[in-house]
There are 2 protein chains.
Amino acid sequence: MLGSDEIVNGSETIQIRSERRDAAENRQRILNAALKLFEQYGVEQVSMNQIANEAQVGSGTLYRRYRNKGELCLDLIKDNVDLLFSDIETYLVQNQSDSPSQRLKGILSLFIRLREKKAQLLTGVEGSSSTNPPRSIIESPVFNELHQLLVKLFDEMNATEQIHFNSVFRADMLLTALSRASYSFQRDERGYSPEMILEQLCALFSLNK
Amino acid sequence: MLGSDEIVNGSETIQIRSERRDAAENRQRILNAALKLFEQYGVEQVSMNQIANEAQVGSGTLYRRYRNKGELCLDLIKDNVDLLFSDIETYLVQNQSDSPSQRLKGILSLFIRLREKKAQLLTGVEGSSSTNPPRSIIESPVFNELHQLLVKLFDEMNATEQIHFNSVFRADMLLTALSRASYSFQRDERGYSPEMILEQLCALFSLNK
DNA sequence: AGTATAAGGGGAGAGCACTCCACTTGTCAA
DNA sequence: TTGACAAGTGGAGTGCTCTCCCCTTATACT
């Protein structure tokens, strides 16, 4: 057997080789190069070629690891994203006596904070590739995880209150409203602050109870 | 003077030459070629190069007339869009005694009908260029015009009812929800019919009065 | 140590959007 | 009719994303 790790999956045994040493080095070089270029020129302005050059790898190597700039961005903010979700978790535990809508608002607030902190990279995460259809945001991993949380809370709201809305649909809409296109349009063109956007959204989704 | 038409604009006189005959022919050939290719392969699958080839013009000529595929699509559904807005106008006149929210719903219904009829081309209108920032949908001409109508009706709702929402923000969100990404996600992934989407949106924006 | 094998590497190249600009041509006024 | 010139043309060229595929190499087992 060639594998170094084994995982038992149902009745089958699957080999998982750990990342080769040289591959790990390249990965780090790519990440460093990307970070450097992103900081210098801005995420949007940097091409995959530039990153490959700066990292001294062929573009094939770059694309082998990251199918597009979005995935690269995601890797760069992975720590922040993990932090977001652990923040959310502690928040939910500490405030479990609050109403569902209050907790929902809290989550939105935490997410918006990340949006603001890592605006460019998060934009990169969303605006991914060109060939695979530019589907909805909901299919991006970060948003997907968030979606489940939102649905749970909307369900709770439905149980608590008299009305009965479609939780999945509402979560979809809320996330769509928080997507780059929509959010940054409100920020830049409409001139709203993060707090104002949060309040408007709470009003729209009746989250003020 | 070289111009064939004149327009008085303030204190200045501006020349407007009518389109050259050969240019008009090319324009028609481009439109025909695009339509043919779009029908055969689908809007997304057809490149500007292909269109230029099929139309037997250089790509420079194509781009002189249409800065991107979105503008080309817009030209192809211009008649339908004009029809939409005249339909909306007659609808609003005939139903002016309805509540603002009812009329709003009527407009949404008409728009969704267009979405369904010209789904692909409308998608093309939105997903325009690559260099100019892929800003919000609201900046697309069709959506912009719709936006003004929505704001007016939301304002009316505010005047009629006790609550006071932000009309511009609500119109932004409503249009975002009707944008290609969001709408076609609901259609294709969530499996909702146009009618169901309409109902969900009405519930979310409390348009059921 | 030797070797088979899969993981990784790199670069040529396809195909794309879009620009630039030297050239051609239709149009109008004289 | 003719000439001036804006309008229009076309294709070479740039720089991009992303794929393909042949080659190299680290690794695990013998």
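All chains are named by letter (A, B, ...) in the order of the sequence lines, taking the proteins before the strands, and each is independently numbered beginning at 1. All of these numbers come straight from a predicted model, not from anything done at the bench.
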Separation of [X] atom [atom1] from [N] atom [atom2], in whole Å?
X: B/Gln56; N: D/dG11; atom1: CD; atom2: P; value: 11 Å
X: A/Tyr63; N: C/dG8; atom1: OH; atom2: C1'; value: 18 Å
X: A/Leu62; N: D/dC16; atom1: CG; atom2: P; value: 13 Å
X: A/Ile51; N: D/dC18; atom1: CD1; atom2: P; value: 11 Å
X: A/Glu19; N: D/dT25; atom1: CD; atom2: P; value: 18 Å
X: B/Gln50; N: D/dG11; atom1: CD; atom2: C1'; value: 18 Å
X: B/Asn53; N: D/dA12; atom1: CG; atom2: P; value: 12 Å
X: B/Gln45; N: C/dG15; atom1: CD; atom2: C1'; value: 13 Å

Which nucleotide sits closest to the side chain of A/Arg65: C/dC16, C/dA17, C/dG8? C/dG8
In this structure, which one of A/Thr123, A/Val125, A/Leu122 forms a side-chain contact (heavy atoms from CB on, under 4.5 Å) with A/Cys73? A/Val125
Salt bridge (Lys or Arg N to Asp or Glu O under 4.0 Å) pairs touching residues 144-154 of chain A, sequence neighbours excluded, are none
5' precedence on DNA chain D between A/Ser47 and A/Arg64 (nearest-nucleotide basis): A/Ser47
Return the set of residues passing side chain to side chain donor-acceptor pair (under 3.5 Å) with B/Arg190 (not counting sequence neighbours), or none when no residue passes. A/His147, A/Asp172
Sequence neighbours left out, what passes side chain to side chain donor-acceptor pair (under 3.5 Å) with B/Lys36? Give chain and number order. B/Glu54
Can [X] and [Y] be counted as an ion pair, charged N to O under 4.0 angstrom?
X: B/Arg187; Y: B/Glu116; value: yes
X: B/Glu156; Y: B/Arg103; value: yes
X: B/Glu199; Y: B/Lys105; value: yes
X: B/Arg65; Y: B/Glu19; value: yes

Hey, mind stepping through B/Phe165 and B/Met157 against side-chain contact (heavy atoms from CB on, under 4.5 Å) and telling me if it holds? CA-CA 9 Å; B/Phe165 286 132; B/Met157 283 175 65; over 6 Å; no
Just checking, is any N or O donor in the side chain of A/Asn208 or A/Ser101 under 3.5 Å from an acceptor N or O on the other one? no
Contact residues, residues 21-39 of chain A to DNA chain D [heavy atom, < 4.0 Å]: A/Arg21, A/Asp22
For nucleotides 1-3 of chain C, list the nitrogen or oxygen atoms of the protein found under 3.5 Å from its nitrogen or oxygen atoms, one pair per line.
none

Please tabulate, one pair per line, each protein N/O and nucleotide N/O from nucleotides 11-13 of chain C that are separated by under 3.5 Å, including the distance.
{"from": "C/dG11", "atom 1": "O6", "to": "A/Gly60", "atom 2": "N", "distance (Å)": "3.4"}

Under the 3.5 angstrom rule, does the side chain of A/Ser206 hit a backbone N or O of A/Cys202 as a donor-acceptor pair? no
